[in-house]
Amino acid sequence: MRRPGFISLAAGLLSTAFILSSTVAPVAADITTIHKPGYCAFRGQCGRKSFFGSQLPCPDNGRAEEPDDTVRQQLVSICGAEWSDGDVCCTKEQLSDLKSNLDRAGAIISSCPACKANFVNLFCQFTCSPDQSTFINVTAIEKTMSKKDAIAELDYHVSEEYASGFYDSCKDVKFGATNGNAMDFIGGGAKNYTEFLAFLGKKQALGSPFQMNFPRDVSKPLKELSPEPKRCDGDDPSYRCSCVDCPSTCPPLPSLDHEKACNVGKLPCMSFAVIIIYAGLLFLLISGFVAKEAWKHARSRRSERMQLFQQPGDDDDDGSIHPQAWDHNAKEYSLNTVLDDFFSKIGKACARYPALTIGTSLLVVGVMSLGWLNFQIETDPVRLWVSPTSEAAAEKAFFDENFGPFYRAQQAFLVNDTKADGVSPVLSYETLGWWFDVENRIRRLKSLDGTVLDEVCYKPTGEGCVIQSVTSYFGNNFYSVKPDNWKTTLRSCADMPIQSSCLPDFGQPIKKEMILGGVPGNDVADAKALISTWVLTNYADESSEEIKKAMGWERSLKNLMLTIKEEAKDRGLRLSFSTEISLEQELNKSTNTDANIIIISYIAMFIYASIALGGTGFLARNMVNDPKWIFVDSKFTLGVAGIVIVLLSVSASVGIFSAMGIKVTLIIAEVIPFLVLAIGVDNIFLIVHEFEKVNHSYGSEEPVENRVSRALGRMGPSILLSAVTETIAFSLGAAVGMPAVRNFAIYAAGAVAINAVLQVTLFVAVLALNQKRAEDSRVDCFPCVKVRAYGSWDGSQNDSCGLVLGGYGGVAEDGIVDAFVKNIYAPFLLRRKVRFGVILFFLGLLTAGLALIPKVQLGLDQRIALPSDSYLIDYFNDLDNYFGVGAPVYFVTKEFNATAKEEQKALCGRFTTCDTYSLASILEQERKRPEVSYIAEATASWVDDFFLWLNPANEQCCRVNKRTGELCDPDSPARQCKVCFADRDPAWNITLSGMPQGKEFLDYLKIWLQAPTGEECAIAGKAAYSHAIVPDYKRNTINATHFRTSHTPLRSQDDFIKAYASARRIAKEISKNTGAPVFPYSKFYIFFDQYANIKKLTVTLLLSALATIFVVTSVFLGSVRVAGVVTVTVAMVIVDIIGSMALFGVSLNAVSLVNLVIAVGISVEFCSHLARAFQFPGKEALLADSDSPNLSRVHSSIRFQSTHASPANSSSLARAYSALANVGGSVFTGITLTKFLGVSVLAFTRSKIFEIYYFRMWVSLVVLGALHALVWLPVALSFVGGQGWSWEDDGGVEDDLRIRTRLDINETGSDDDSDDEDRQVTLPREDSRGRTRGRK
């Protein structure tokens, strides 16, 4: 059976004179003795060298002869009218072979008349010139099978001008069917005319049958053949070529206004600008500070009154806390009062009826969790990262519907890099033999259901699977591989893959870059990597039986490849591979691995919460004084409750949105448990710590429900503030079309909101029960066991154990962290010089973040999303290092009727009347600037190849049966067939005049798409274009077509993103110039569509979140100033996190965008509690214990009041201290440490995506969030916080008296010498609701 394929052009074109030769017989030194006009060098045919060989020419130095009329007519039809008279040196038989082979070459180069004319002239002169002996010298002969002498070697003298002009006219001619240049097939990819002629004359197994030299030096009487070459850009329209085949005829494309990097030296302009601004601001601030200090020093000398306010021996930062510093507005903030009352009532109700609260909460969560019955995980990357309403999704759907889904590719790399000396050549005779066996095993491989490769592979011609492998160069038969000639065959096929013996079963030539990688120089035998690709048919219906069969076979292939990988290792080689299903499987494997990390994080958080909630100071005292009380004071129950509430909130959120049909994504499964754990545990710490403070104030005499009510009344509004801002910030992501981001935002917002509700209800109920247990001296986790008051404990009743938990009824004692913050950290931070330094430092940090933003890259390398031990990592590395071909890209037209002439002109590129800026012309022009277009190969233009196929000069192409009009088989006799357009008027021509239109166009198109590509016709359409055109025979139009080319090899994420952007730009330009709706499509575009607007999306989301924070905080705190400070602080954190992304190698993509949205919410939580404590300060934190040994140092460390300070500023500074003293310790232990503990577990993950995009970003978030909240925010509020609202309820009459006593002590014991006005004391009074308010 005839195998489809292309002819070996070099051998065919020269077979008019020779075929494969063997050993050269000894001959006389001078074979061609006469070198003058009118004499030949060879003539006629002298037989074959082998049974299957062609006729070889005979050496003949006789005179040229006048041919008969038949030969003359034949010669003129082949070589042109200039041969219509004169003697010749060729015979009829030679002319027949010449015509056959020139016709085959013409099918490839006929689109450029100049190239074809020069090609024809070279071989017509070589075969028939009457002056043959003047430029040809036969230097060796050999015997044929008939014992006759035949030519073995000769010199062909061609002038440099002609050789160069010949090469120039052909070097850019395209062969669209293979996206390549004609020079790849007729000249072995020659880069200059010397290589071109050398390739034509080189003696090789599948090329020239003997050595034909083209020497540059010529000695008399010989001379060089020197006709004037036809120029592809000449003035003669008969030979002028189109822009596609002759670049010099192309009009210039418009210059690109592409973005040029703005740099000052090595610094981006933005980075340079912010650094200069900061340097200028730093200079102004320092100058202003120095000037102010000098002014104050001079003023102090002039004013004795100012000196009265200075403490003896202290620096200018020292002073006393003046009671007037604590002055506040007399008014309350009504919203805060409402919220306080609301949460107090909730707390009291939940604490009074804990069983009902717990039962109701669990019931509601259980009902919400019923949605798990509809639980679905979305793993399809396309549905994850592309909005279903996006342009890219619509284009993919259009492509799949009209041309079918992109193929399913399986690929393997065999590399020789296991030795210490580095990478070595991979090919050897033994390795080839083993790889032939591997491929045979793959061909025979059966899946579990019995499916074999031949059933699922892609067959473009209906015969032969698409397998791209080096074995195709050897006919897929190892028996044809010989130890002494395999390199010769390999090099020959690599140079000219169009040779019929080098073609694979599917009939398309395979470029060497597709199957061999890491080739040093030009010797493919030294390639460092062998590449094999198996292509399977894909289907749009993912539930079809065909897809199931393909996936089943791929699973079997994966298992076999893992075995082969070990075999390769035994041979000292390394195998890497990928199947179509591999990536999704390995990503799911990564998720399963990370589940362990989530579990470990929850356990670690539980242990920490259980210990930290108990209070380190009290536990330490009990450990020393009476260890058994540790079992009573333990908070393990609260720790368990906190973790369970987090799990319940996640379960409820998943249930609600699963019931609504919103699928869970891997990001949701991986991130939300961490997110809700961090937020939920934080608030639990705050509630418990506040409850402990209430216990300190009221003791066990006050009912538990009242104490819980007071604690929740104070912390509830703060929790609500953070929950509302976080929920709204996360909800903003729901506006994003990208499902991975949108679904995460919905699930996260729901989980955070539900978690907040459960914290103020379910957890409060558990807290009340736990407190009653502790006050009843019962053991944590084992409430049936009570602890005795003296010496021993058992299960007996003892109601008078004398236990006082947490200092009930006694003096309030701070924990270690709280004491440090109140007595050391806060006084130090709020010193004037320290605050000045803090401002400079954080402005510098902000400057660094802004300067680093331009360095943040876009993209998400697939290797990062894989487990660190995945076999795909080696594959992706080898793909980057050794695969020298870029991804295919299709420029698709929609509803553009190519049956009409004007539309044909808008598409074509190889005819003289094609539009100047046609689709094919623009793509060819873009190919010439690959550094910006990322287009590497010539375009496969179906309309050009279709019209060239109709050319009657290509007699073996368009041949139809005279009777039926159907396509003739290549073996059909000429009498039964007629050549298309042979008798057409007007005749076929390169101006498109007379080309078919309408129904006739579609009739011929249908025949062309059925025509098999083979030796007789290289431009037939079945193999290359059968899936590229969607004709509508009913409406006589074309519904869709695509023009195929390929990108340059894309090595980085930046390359992929820029290639996608460039393709978009090109398609837009084509549409503008042709009027055709055109879009680009490549398999990877769908994954990189997000980067087209991700910067804009990021800015929009973050600004919207910041605006939300400002509005919500303003409403809840009743202060635009404080809301502005909080919003600016969160913005500074986000800017610094983005800057850290550049330092830590974290790119901007959907994953990091999700984390930035998380960062906004978490940053609010860091700041909101301090901001609210600042705006609504508590008396207990404002005034230190009267008997504290650190009192005088605390009081004297901060200058709250001076004659230079305004009352508003003094109040801000005092309340900044109050905020730190009140909640600073809780923010550190309950927010910072809990988050840091949860995040630190991620350092041990095996997943690179968790390490880079979660561990690195979240560590940055925790560190930067804590720094800004605990350092920057109090300082900023002390400067611009303004005045706050009235004090909240911190106690009853006892607390009122205690505060009065402390104020009296402070007033009488102060060393301050200020006057009576400055010593005016603000005393608290109690309102009708028992709430203390400021009173002068």
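Fair warning: this is a prediction, and the values are worked out from it, not measured in the lab.
Asn118 places no side-chain N or O within donor-acceptor distance of the main-chain N or O of Pro229, the cut-off being under 3.5 Å. Under the 3.5 Å distance criterion, the side-chain polar atoms of Arg72 are matched with a main-chain donor or acceptor of Trp83. A donor-acceptor pair is defined here as one N or O able to donate and one able to accept, closer than 3.5 Å; such a pair exists between the side chain of Asn897 and the backbone of Thr899. With hydrogens and angles ignored, the 3.5 Å screen pairs no side-chain donor or acceptor of Asn951 with any backbone N or O of Ser110. Here the side chain of Asn477 pairs no donor or acceptor atom with the backbone of Gly475 at under 3.5 angstrom. Looking only at distances, a side-chain donor or acceptor of Asn538 sits under 3.5 Å from a matching main-chain atom of Phe406. Distance alone, capped at 3.5 Å, places no donor-acceptor pair between the Gln468 side chain and the Thr533 backbone.
Here Tyr1081 and Phe403 keep their ring centres 6.0 angstrom or further from each other. The six-membered or imidazole ring of Trp942 lies away from that of Tyr1025, with a centre-to-centre distance of 6.0 Å or more. With ring centers used as reference points, Tyr890 lies 6.0 Å or more from Phe1043. Aromatic rings of Tyr1004 and Phe981 (six-membered ring for Trp) have centroids within the 6.0 Å cut-off, being under it.
The SG atoms of Cys89 and Cys128 do not sit under 2.5 Å apart. Between Cys908 and Cys914, a gap of under 2.5 Å is found separating the two SG atoms. Between Cys115 and Cys170, the SG-SG separation falls below 2.5 Å. Disulfide check for Cys241/Cys232 fails, with the SG atoms at least 2.5 Å apart. For a disulfide, the SG atoms of both cysteines must be under 2.5 angstrom apart; this holds for Cys79 and Cys124.
Within 6.0 Å of NZ on Lys1006 lie no more than 12 heavy atoms contributed by other residues, nucleotides or ligands. No more than 12 heavy atoms of other residues, nucleotides or ligands sit less than 6.0 Å from atom CD of Gln73. Residue Lys978 places its NZ atom among 12 or fewer non-hydrogen atoms of other residues, nucleotides or ligands, all under 6.0 Å distant. Counting heavy atoms of neighbouring residues, nucleotides and ligands inside a 6.0 Å radius, atom CG of Asp69 does not exceed 12 of them.
One finds the CD atom of Glu546 at 10.5 Å from the OG1 atom of Thr451 (value rounded to the nearest 0.5 Å). Atoms CZ and SG, from Phe119 and Cys112 in turn, are 12.5 Å apart once rounded to the nearest 0.5 Å. Here NZ of Lys512 is found 12.5 Å from SG of Cys493. Values are rounded to the nearest 0.5 Å.
A cation-pi arrangement is found for Lys894 relative to Phe398, the charged atom lying closer than 6.0 Å to the ring centre and inside a 45° cone about the ring normal.
Smallest separation of non-hydrogen atoms from Thr1041 and Thr893: OG1-OG1, 2.6 Å.
Using the six-membered ring where Trp is involved, Trp988 and Phe911 have ring planes that are perpendicular, over 60° apart on the 30 and 60° scheme.
Salt-bridge formation is not detected for the pair Lys459/Asp505: no Lys NZ or Arg NE/NH1/NH2 atom is positioned less than 4.0 Å from an Asp or Glu carboxylate oxygen. Here Lys99 pairs with Glu955 in a salt bridge; the nearest charged N to carboxylate O distance falls below 4.0 Å. We find that Lys999 and Asp1003 are joined by a salt bridge, their nearest charged nitrogen and carboxylate oxygen being less than 4.0 Å apart. The pair Arg910-Asp945 counts as a salt bridge, with a side-chain nitrogen and a carboxylate oxygen less than 4.0 angstrom apart. Ion pairing between a basic and an acidic side chain is recognised when a charged N comes within 4.0 Å of a carboxylate O; Lys230 and Asp236 show no such pairing.
With no hydrogens or angles considered, no side-chain donor-acceptor pair links Thr991 and Thr913 at under 3.5 Å. Looking at Glu937 and Ser1046, their side chains do bring a donor and an acceptor atom within 3.5 Å of each other. With 3.5 Å as the limit, one finds no donor-acceptor pair spanning the side chains of Thr939 and Ser941. A side-chain donor from one of Ser921 and Ser918 sits under 3.5 Å from a side-chain acceptor of the other.
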Derivation of the side-chain hydrogen bond (donor to acceptor under 3.5 Å, both in side chains) call for Gln1010 and Ser1026: CA-CA 8 Å; Gln1010 297 172 351; Ser1026 58; over 6 Å; no
Residues Glu463, Lys1022; criterion salt bridge (Lys or Arg N to Asp or Glu O under 4.0 Å); working and verdict: CA-CA 11 Å; Glu463 298 182 22; Lys1022 184 175 183 179; over 6 Å; no
Asp944 vs Lys174, salt bridge (Lys or Arg N to Asp or Glu O under 4.0 Å): CA-CA, chis, key distance, verdict: CA-CA 10 Å; Asp944 288 299; Lys174 305 303 181 297; over 6 Å; no
